[in-house]
Structure formats: structure tokens, C-alpha cells
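These notes concern the structure reproduced below.
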2 protein chains.
Amino acid sequence: MKLSEEEKQRRLRSFIRAARQAGIKLTHQRLEIFREIAGDGRHPDVESIYKRVKKRIPPLSIDTVYRTFSVLEREKVLAKVSVFCNRARFDSNMEPHHHFVCRRCGAVRDFFSHELDRFHVPEEVKPWGDVDTVYVELRGTCAECAGKASAEKTEDRRK
Amino acid sequence: MKLSEEEKQRRLRSFIRAARQAGIKLTHQRLEIFREIAGDGRHPDVESIYKRVKKRIPPLSIDTVYRTFSVLEREKVLAKVSVFCNRARFDSNMEPHHHFVCRRCGAVRDFFSHELDRFHVPEEVKPWGDVDTVYVELRGTCAECAGKASAEKTEDRRK
DNA sequence: CCTCCTGATAAGAATAAATCTTATCTAAGA
DNA sequence: TCTTAGATAAGATTTATTCTTATCAGGAGG
């Protein structure tokens with residue numbers, strides 16, 4: 001899935017704007033890394049971006065790719081797909097169901113939904129393959145963490 | 001979230017039945033590990049299960065926990081939460097959208113859905129916390145992999 | 001109840017993804 | 001051009017997961 005040149009340029013401009021706004025340095029590495037994802041709609045992983053950009057910037061270290069991604073994520077220029085997967089979690093409930101996940105503490109709770117059970121796979125998706133599961137993740141902040149957050153207040157630096 | 005003793009016993013029986021059926025040995029370790037997750041609805045991770053069971057079986061190795069989980073998963077006794085997260089993937093499309101994910105090759109494709117955009121958070125979920133994102137993952141087999149699969153035929157043993 | 005054999009286990013080594021450390025280096029404002 | 005805070009490369013480190021190998025034990029058959 002190649003993206004149009006137009007869309008790629010639009011994303012590149014939005015990245016440069018976001019970087020300027022956030023007071024973040026526009027290094028050669030960052031531009032090339034971003035250029036690489038902005039031109040690829042297939043959700044590449046770190047490794048493949050690293051390999052591709054390294055061809056153009058041989059001394060590139062993979063750490064720079066990771067750092068650039070976390071900057072881009074923080075600046076809301078790109079999103080991590082499947083965020084809550086640092087550690088495998090298991091579910092002994094084999095009934096089809098969905099999850100509410102807290103972004104802060106990672107807590108997971110199950111829920112069922114008739115509305116979702118009746119969901120129809122969109123026409124545009126059908127030619128891509130066969131869907132066997134509709135999985136929904138409601139992401140947000142659990143009541144407990146919301147309490148802590150209001151106490152700690154603006155403690156946002158993640159380091 | 002403690003599960004009822006009744007539900008726990010039901011899951012334990014279903015595990016024992018599945019194990020017998022699959023010709024899998026019902027070892028002390030496996031029973032204790034399963035007992036631990038079957039009694040916990042909070043989707044524990046490997047590490048915490050390991051710690052808890054180790055109290056009862058001190059020589060337990062964490063590898064056994066991993067192996068037991070993969071057996072349980074294969075026998076459809078439990079499911080891994082957030083399956084496609086072995087490697088971080090990124091998305092430069094910041095418009096709210098959803099994904100179709102192929103279980104075989106891990107390919108990800110975007111789609112939009114007005115039906116999902118109108119989704120209402122179920123009443124039962126509301127007291128748990130605030131939802132800011134409704135993320136939907138349609139899981140299945142992409143057309144390309146379906147082709148390969150019919151060629152390779154029943155090659156399902158994963159090791 | 002005993003024996004045997006296959007599959008399971010413990011222990012520690014090996015891998016792999018992601019992050020940290022430290023000594024340079026550089027973007028960009030003065 | 002000069003300065004400096006923030007960025008980079010390289011390699012070490014951490015952390016989750018898997019592999020290796022030498023025992024061990026479940027459970028089928030006697």
C-alpha cells in the first residue's frame with residue numbers, strides 16, 4: 001500500500017510544524033526516519049525502518065529510531081499500533097468479549113456488547129480477507145488512576 | 001475482580017477435559033498454574049502468575065509457566081490478550097481509524113467505519129473509568145495468506 | 001501395584017527487543 | 001561565528017521469552 005506523494009508531503013509538513021512547535025530539533029536522522037514512515041501505509045516496525053534508513057545514513061543507530069518514534073508519538077505525529085503489549089497477558093475467559101484497558105496502569109476488564117456482536121464488516125474490508133473476530137478495545141483511564149492523577153497533578157514527564 | 005468459586009470450578013473442569021482430550025499430561029505444575037489464572041479475572045501476566053505459583057511449588061521455573069500458557073493457548077483453554085504485539089508497529093495516520101490484522105503474517109490495514117464512530121460505551125463500562133478511544137481490530141486471514149494456506153494445506157503444527 | 005517410555009520439568013544459557021550510558025556532535029538561536 | 005542544550009553513535013544493559021540438556025514423572029500396559 002503506497003501512499004500518494006501528496007499525502008506524504010502533507011504528513012511531512014505536519015511533522016515539521018509539530019517539531020517546530022514543540023521546540024524539537026529537526027535533525028537529518030529524524031527527517032529521514034519520518035520520511036520513511038510517512039511514505040509507507042503498512043505500519044512498518046522499528047527494525048524495517050532502521051534497515052531502510054541505514055542505507056541512506058550508514059552510521060545510524062537503532063536507538064535513534066526508537067528515540068525518534070517516542071518523540072513522534074509524544075508529539076502525536078504518529079501512533080503506536082497495539083499499545084498495551086509490553087508483556088503478554090492471558091485471559092481464561094474464552095467467551096467472545098472485549099476489553100476496557102487503562103492507559104496508565106494497564107488494567108484490563110472484560111465487557112460484552114450486543115451492539116458490537118451485530119457489527120457488519122465494512123465492504124471495503126471484505127476483499128482484504130476473511131474476518132473471524134471483531135475485537136474492541138476501549139482505551140482510557142480507570143477510575144482508580146483518575147483519582148491518583150488528580151492528586152499527583154501535572155506529573156507527565158515519563159522518565 | 002475475584003471470580004466466583006463456581007465459575008472457577010467450571011473452568012478447571014473444562015481445562016481437565018481439554019487436557020485429557022488432547023492427550024496432554026495433567027502435571028501438578030499445570031494444574032496449579034491453571035488454578036491461578038482460572039481464579040483471576042484480571043488478565044495476569046506471566047511474571048505475576050510465576051511468582052504466585054512459585055510460593056506453592058518453589059522449584060517452579062518460569063519457562064514452565066510460558067510452556068503451560070502456550071499449551072493452554074493451543075488447546076483453546078485460554079487466549080492471549082493483544083496477540084499481535086511482538087514488535088512495536090507505528091502508524092503515521094493520525095485520523096481515528098481501525099485495523100484489519102492478518103493472524104498469519106501480521107499485516108495491518110486501515111479502515112474507517114461510521115458505524116463504529118457512533119459506538120456507545122456500554123453502561124456497565126462507564127463506572128470503570130473514562131473512555132477516550134474506541135479501537136477496533138478485525139482479525140482474520142488476509143487474501144494472500146489464504147492462498148498460501150490452501151497450498152501448504154494442513155501444516156498447522158507450530159514447532 | 002510395578003515398569004516403562006514419552007513427554008514434562010528445572011536450571012541456566014541463549015536470543016531478541018528495547019533502553020540506558022557516555023563521550024562526541026550538531027541544530028539553531030544569540 | 002559562537003554557544004549550548006539537546007541529539008547522536010556505539011556499545012553495554014535490561015527484560016521478556018525461548019532453547020538446551022540432563023533429570024523426572026504421568027499414566028498406559030502389564
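Here is the naming used below: chain letters follow the sequence lines, and residue numbers restart at 1 for every chain. Predicted model, so just to flag it, every value in this text is computed and none were measured. Atoms considered below: every heavy atom in the structure, side chains included; atoms not considered: hydrogens, waters and symmetry mates.
For Arg17(B), the side chain to side chain contact (heavy atoms under 4.5 Å, CB included) criterion is met by Ser14(B), not counting sequence neighbours. Glu123(B) pairs by the side-chain hydrogen bond (donor to acceptor under 3.5 Å, both in side chains) definition with Lys126(B), not counting sequence neighbours. Every residue two or more places apart in sequence or in another chain that forms a side chain to side chain contact (heavy atoms under 4.5 Å, CB included) with Lys51(A) is listed here: Glu47(A). The side chain to side chain contact (heavy atoms under 4.5 Å, CB included) search around Ala143(B) returns none, not counting sequence neighbours. For Gln9(B), the side-chain hydrogen bond (donor to acceptor under 3.5 Å, both in side chains) partners are Glu5(B), not counting sequence neighbours. Legend: residues meeting side-chain hydrogen bond (donor to acceptor under 3.5 Å, both in side chains) with Arg10(B), ordered by chain and number and at least two apart, are Glu7(B). Under the side chain to side chain contact (heavy atoms under 4.5 Å, CB included) criterion, Arg67(B) pairs with Asp63(B), Thr64(B), sequence neighbours left out. Residues satisfying the ring-ring contact (aromatic ring centres under 6.0 Å, His included) criterion with Phe119(A), sequence neighbours excluded, are absent altogether. Annotation: side-chain hydrogen bond (donor to acceptor under 3.5 Å, both in side chains) contacts of Lys54(A) (sequence neighbours excluded): Tyr50(A).
With dA11(C), dA9(D), dT9(C) as the choices, the nucleotide that has an atom nearest any side-chain atom of Thr64(B) turns out to be dT9(C). Proximity note for Leu60(A) (side chain, C-beta onward) versus dC20(C), dA9(D), dT17(D): the nearest is dA9(D).
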When you compare the protein's N or O atoms with those of nucleotides 22-24 of chain C, which come within less than 3.5 Å of each other, and at what distance?
none

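If one axis is set at each end of the helix from dC1(C)-dG30(D) to dA30(C)-dT1(D) from five pairs, those axes are 30° apart, to 10°.
For the OP1/OP2 pair of dT8(D) and a distance below 4.0 Å, the side-chain nitrogens and oxygens of Arg67(A) include at least one atom meeting the criterion. Contact annotation: Arg30(A) side-chain N/O to dT8(D) OP1/OP2 distance is under 4.0 Å. Put simply, Tyr66(A) has no side-chain N or O that comes within less than 4.0 Å of OP1 or OP2 on dT19(C).
In this structure, Leu31(A) places its CG atom 13 Å from P of dA7(D), rounding to the nearest Å. Regarding Lys51(B), its NZ atom lies at a distance of 13 Å from the C1' atom of dA16(D), rounded to whole Å. For the pair Gln29(A) CD and dT8(D) P, the computed distance is 5 Å after rounding to whole Å.
Judged purely by atom type and a 3.5 angstrom limit, Arg30(B) uses its side chain to pair as donor or acceptor with the backbone of Lys25(B).
At a threshold of 4.0 angstrom between heavy atoms, the contacts of Ile62(B) with the nucleic acid are absent.
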Reading 5' to 3' through nucleotides 23-30 of chain D, protein heavy-atom contacts under 4.0 Å coded B for base, S for sugar-phosphate only, - for none: --BBS---
